[in-house]
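Everything on this sheet refers to the single structure shown next.
Throughout, protein chains are lettered first and strands after them, A, B, ... in sequence-line order, and every chain is numbered starting at 1. Any value given below was found using the heavy atoms of this structure, including those in side chains, with hydrogens, waters and symmetry copies removed.
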Amino acid sequence: MAELSGNLLYFAFISYLIATAFFGGAIRSKKDGEKQEGSNKWATIAIVITIIGFVAQTGYFITRWIAAGHAPVSNLFEFTTFFGMCLVGAFIFIYYIYKAPWLGVFTLPVAILIIAYASMFPREISPLIPALQSDWLHIHVTTAALGQAILAISFAAGIIYLVKAVDQTVSSKRTFWLEVIMYSIVSVIAFILVTTAFTSVNYKAEFNYIDKKGVEAVYEYHIPALIGPNKGELVTEGKFEPLIETPAIIDSKKLNTVVWSLVIGLVLYWVLRLITRKRIAALLQPLVKNINLDLVDEISYRSVLIGFPVFTLGALIFAMIWAQIAWTRFWGWDPKEVWALITWLFYAAFLHLRLSKGWHGEKSAWLAIIGFFIIMFNLIVVNLVIAGLHSYAGS
Amino acid sequence: MNEVKCECGHVNPHGTVLCESCGKVLEEKEINKQLLDMRYEGSARRSQTYNKTIIDKIWNFFSSVKVGVWLIVLTLLASIFGTILPQVMYIPQNIPAIEHYENEYGWFGKLYYELGFHNLYSSWWYLLLIASIGVSLVICSLDRVVPLYRALKNQRVTRHEGFLRRQRLFGVSEAPQSDEVYKTITSKLGSKRYNIREENGNILAEKNRFSRWGPYINHIGLIIFLIGGMLRFVPGMYVDKTLWIREGETKAIPETDGQYYLTNNQFIVELYDKEKDGEVFEQALERAGGVVKTYQANVTLYEKEGDTIPGEQPELVKVRDDEIRVNEPLKVDGLALYQVDYKLNELHKMSFSLQDKETGDSFGDIQIDLFNPEEQYDLGNGYSVEVKSYFPDFEFDEDGEPATKSRVPNNPAFVFEMKAPDKPDGEVSFVAIQETIEPLGDNKYKMTFKGVETNNVSGLTVRKDLTLWILGLGGVIFMIGVAQGAYWNHRRIWIRRIDNKVWIAGHTNKNWHGLRRELEAVFDGTGIEVPEDQSEEGRKG
C-alpha cells in the first residue's frame with residue numbers, strides 16, 4: 001500500500017509537469033490576436049491532465065492514510081505535499097470560474113516546486129506522538145492547508161500581474177524586487193537540485209563537534225560542508241573540508257543547506273540572465289501578453305476572499321479547539337500560533353486596504369506576494385529554525 | 001443640525017453625500033466626479049460630519065480604516081518580535097529567566113529580556129495595541145453600519161440621473177417598443193435570484209443585500225471574542241493548577257472545595273514497538289529511536305460523601321475509573337484534568353537491614369516510606385531503630401549543617417539511633433546514599449542499605465475556563481459574518497426609462513466580472529446594450 005501510494009504521487013507530479021506544458025501551449029495558440037475568452041483545445045487537454053494528476057494525488061493521500069492509519073499530514077513532507085495538492089485543487093476550482101489557462105502556467109509550477117521541495121525531507125511513514133493522536137489532526141491541518149493554498153492562488157495571480165504590469169524597458173525598484181522574487185524561486189529550484197544530486201551519490205561526511213551545551217557530538221552532513229559546525233573535525237576521509245566554522249548556537253547544517261541553495265541559485269540565475277540578456281520577468285512577459293490585467297486582479301482578490309475564511313477556520317479556530325484539548329489551552333503564543341495570527345492579520349490588512357483605501361492592481365499584487373512569503377515563512381522557517389511545539393513537523 | 005432636503009422630497013441627515021432615497025449628489029465636491037464613491041452609499045457618517053469636540057476627534061481617529069490598518073500592521077510587527085526567541089513560558093523554570101536568556105543567547109538574549117520581549121504578549125503595550133484594535137472595531141463599525149442601513153433601507157427604485165450616470169457600469173440605449181422586453185428582463189433577473197421592485201416603469205433589481213452586513217457581523221464576533229479574552233482575568237473564570245500525583249496516592253482535586261478526589265493507580269509511558277505496531281513504521285522508528293505512543297494515567301475518581309470538618313478523614317465514594325491521556329482529559333464538575341507531565345522512578349520506599357559490622361549478622365529489616373516515615377521500627381528481641389532525623393532532599397546548608405532542599409525524596413538521608421540488647425543507650429549513625437557517618441565514635445552496628453522501591457508520578461494540569469463558550473460564540477459569529485461578506489456579493493441593477501431612452505446602471509460591492517457576465521446574460525437578445533464599465537481598470541481591459 002505504501003509503495004502504491006508513492007507511485008501515485010510520482011504519477012501526479014509528472015502529470016502536473018505535462019499539464020503545465022499544455023497550458024503553455026494554450027496561451028501560445030491564442031497568439032494570433034483574437035482575444036477569445038474561454039477555453040481552446042490545448043487548455044481542455046491541460047485541465048484534463050491536471051485533474052488526472054489531482055485524482056492520482058488524492059489516491060496517494062488516501063492510500064497513505066490507509067497504510068499509516070492516520071491522515072498523512074503529520075510531518076513536513078506530508079504536510080507540504082498536501083499543501084501542493086490543495087493548491088492544484090484550488091486552481092482547478094478557480095479555473096472553472098474564470099476559464100483562465102494562463103493561471104495554470106504559473107500556479108502549476110508553484111505546486112510542482114512545493115511538492116518537489118516536500119520530497120527533500122524524510123518520506124517514511126512515521127507513527128504519531130501522543131499529542132497528534134486526535135481526529136483534529138486531519139480536521140485542523142487539512143483545513144489550514146486548504147486555506148493557505150487558496151490564498152497562494154493570489155500569489156500566482158500577483159506574479160502574473162507584475163510580470164505583465166511592470167515596465168521592463170527601464171530598470172526600477174519594481175523590476176529589482178520582481179527579480180528578487182524570481183531569484184527566490186530559482187533558489188528553491190537550486191535547493192532541490194543540490195539535495196537531489198548529493199542524495200543520489202549518497203554523500204556522507206561526519207563531523208565531531210562541540211554543541212551548544214559544550215558537549216561533544218556528531219553531525220552527519222549529506223551535502224558538502226561549506227559551513228562547518230562549531231570546532232568541527234571531519235571524521236569521514238576524503239570529504240570536503242569546511243570553509244567557515246560557525247558558533248555553536250547556529251545550526252551549521254541547516255545554514256550550510258541555505259548557503260548552498262542561495263549560491264547555486266545565484267549561479268543559475270546569472271547563467272540564465274547572461275545567456276538571454278534579459279531579466280527573468282522580461283523572459284516571462286510574452287506568456288502574459290494577452291492577459292486582461294483587471295481579470296488577474298480580480299482572481300487575486302477573489303482567492304484571498306475565498307481563502308481567508310477557510311484559513312481562519314482551519315488555522316485559527318480549529319487550531320484553538322484542538323490546542324484546548326491537547327495542550328490544555330486554546331492559545332499559548334507558540335511561534336507557529338503567532339505566525340498563523342500574523343498571516344491572518346496580514347490578510348485582514350490586505351482586505352481593508354483594498355476595500356477602503358482602494359489598493360487595487362499593482363499594490364494589491366505586491367501584497368499578495370508578501371502574504372505568500374509569510375505563509376512560506378510559517379511553513380519552512382518556523383518549523384525548521386524557530387523552536388516550538390510544532391517543531392516535530394520538521395523531521 | 002440642519003437636515004438636507006433633497007429635491008425628491010426625502011429628508012437626509014446632515015452630512016449626507018448622496019440622497020438616501022434617489023441618489024442625487026448633495027455634496028458640491030462630489031458633483032465633478034465621474035464615478036461615485038459607493039462604499040457606504042454616500043451616507044452621512046458621523047466621522048465625516050463632525051470634528052469639533054474631543055469626543056469627535058477620538059471618534060474620528062478610531063473610525064478611520066487607515067488607523068485600523070496601522071493598528072493591525074503594528075500588532076503584526078510586534079508579534080514577529082516575540083517569536084525570535086522562545087517566550088518565557090517555554091524556557092526551563094529552574095533558573096531565573098534572565099540567566100537562561102543570557103546563557104543561551106548571550107548579549108542578544110540579555111537585551112531581549114531587558115526589552116521585555118521575553119514576555120511580549122503580556123506587555124502593557126501589546127495589550128494596548130489589542131485593546132485599540134477592539135475600540136477601532138467598535139467605532140469603525142458603528143460609524144458606518146447605521147448610516148449604511150438607513151441608506152439601503154430608504155433607497156428608491158427611481159434613481160436620479162446623476163446617480164445612474166456616475167455608476168461604474170452604465171449605458172443608455174434606445175427604449176424598446178414593447179413591454180414584452182421588460183418582462184423578459186425581469187423574469188431573467190428573477191431567475192438569477194434578484195428581488196425586483198418596480199415604480200413607474202423603472203426597475204430596481206437587487207440581491208444579497210445581507211452580504212453588506214458581513215463585515216459588521218464579523219466585527220461583532222471579534223469584539224465578543226476579545227471580551228471573552230478579557231474575562232479570563234476575572235477571578236473564578238479561569239483556573240490553571242498543577243496536580244502532581246504519585247502512583248497509589250489519593251489527592252483532593254484543586255478548586256473543587258475538597259468535593260472530588262483522585263487516585264493515581266498507575267502511570268504508563270508506552271513506546272512504539274516495531275513488532276507490534278506494524279512494519280509501516282519500521283523505517284521511521286529505526287531512524288528516530290524511541291517514539292512515545294502513550295502517556296497515560298489510570299485513575300479513579302471519588303466524590304466525598306457528607307460534610308466533613310477540616311482535618312477529618314473524608315468518606316469517599318467511587319465515581320468511576322478513568323484513563324487520562326494526552327488529547328483525552330478527564331472532565332469533572334466543569335474542570336478538565338490533562339495529562340501534561342510525569343516523573344518516572346521517583347524513590348518511594350527504602351529498606352535497610354540492621355547488621356553487626358564485624359560478623360555481618362542481621363537482626364531484622366526495616367522499610368521506610370519516604371513520604372511518611374515512622375519514628376520507631378521495632379525489630380523484636382530487644383532490637384529497634386529510631387529515625388531521629390529525616391532529610392528527604394539532603395544537602396549541607398550554608399553553615400555546614402545537614403538540611404533538606406525540598407520535601408521530595410530526591411536524595412534521602414537519615415539519622416538513625418540503633419538499639420540492641422548490648423547497646424541499650426543506642427548508637428547514632430548518619431546514613432545518606434552511599435555515605436555513612438558515625439558522629440559519636442565507632443559503632444558496633446550499622447544500617448545496611450538493602451533496596452528501593454520506586455513510583456511513577458503523573459503531572460496533571462487542572463483547568464477551568466468559563467470563558468470558552470464566549471470565545472466559541474465570538475468565533476462562530478465571526479465565521480458567519482466573514483463568510484457572509486466574502487462568499488456573497490451585493491448587486492443592484494437600475495433600469496430607468498427617460499423619454500425614449502432606457503438608462504441602465506449596475507453596482508456590486510465586489511466581483512465586477514461576475515456582475516458583467518450576469519448583465520450580458522440578462523440583456524442578451526433584448527436589443528438593449530449591456531452597460532459598459534466606465535472605470536479606468538475596466539476601460540484598460
Using non-hydrogen atoms and a 4.5 Å limit, figure out which bit of [X] sits close to chain A: side chain, backbone, both or neither.
X       : value
F108(B) : neither
V482(B) : both
L471(B) : side chain
I84(B)  : neither
Y487(B) : side chain
R39(B)  : side chain
N511(B) : both

As a quick check of understanding, evaluate side-chain hydrogen bond (donor to acceptor under 3.5 Å, both in side chains) for Y161(A) and S364(A), giving each step before the final call. CA-CA 10 Å; Y161(A) 194 100; S364(A) 175; over 6 Å; no

Begin from the C-alpha positions of W488(B) and Q484(B) and carry the test side-chain hydrogen bond (donor to acceptor under 3.5 Å, both in side chains) through to its verdict. CA-CA 6 Å; W488(B) 283 275; Q484(B) 193 175 328; over 6 Å; no

Can a side-chain donor-acceptor contact be found between S535(B) and R168(B) if the only test is distance below 3.5 angstrom? yes

Between the side chains of Y126(B) and T75(B), does any donor sit under 3.5 Å from an acceptor? no

Apply salt bridge (Lys or Arg N to Asp or Glu O under 4.0 Å) to D297(A) and R302(A), showing your working. CA-CA 8 Å; D297(A) 184 49; R302(A) 200 83 193 282; over 6 Å; no

Please state whether the side chain, the backbone, both or neither of V304(A) comes within less than 4.5 Å of a heavy atom of chain B. neither

Side chain, backbone, both or neither of M1(A) within contact of chain B (heavy atoms, under 4.5 Å): neither

Y295(B) and Y342(B): aromatic ring centres closer than 6.0 Å? yes

Residues two or more places apart in sequence or in another chain: which of them pass salt bridge (Lys or Arg N to Asp or Glu O under 4.0 Å) with E520(B)? none

With chain B as the partner, which of F346(A), F330(A), W331(A) has the greatest number of non-hydrogen pairs under 4.5 Å? F330(A)

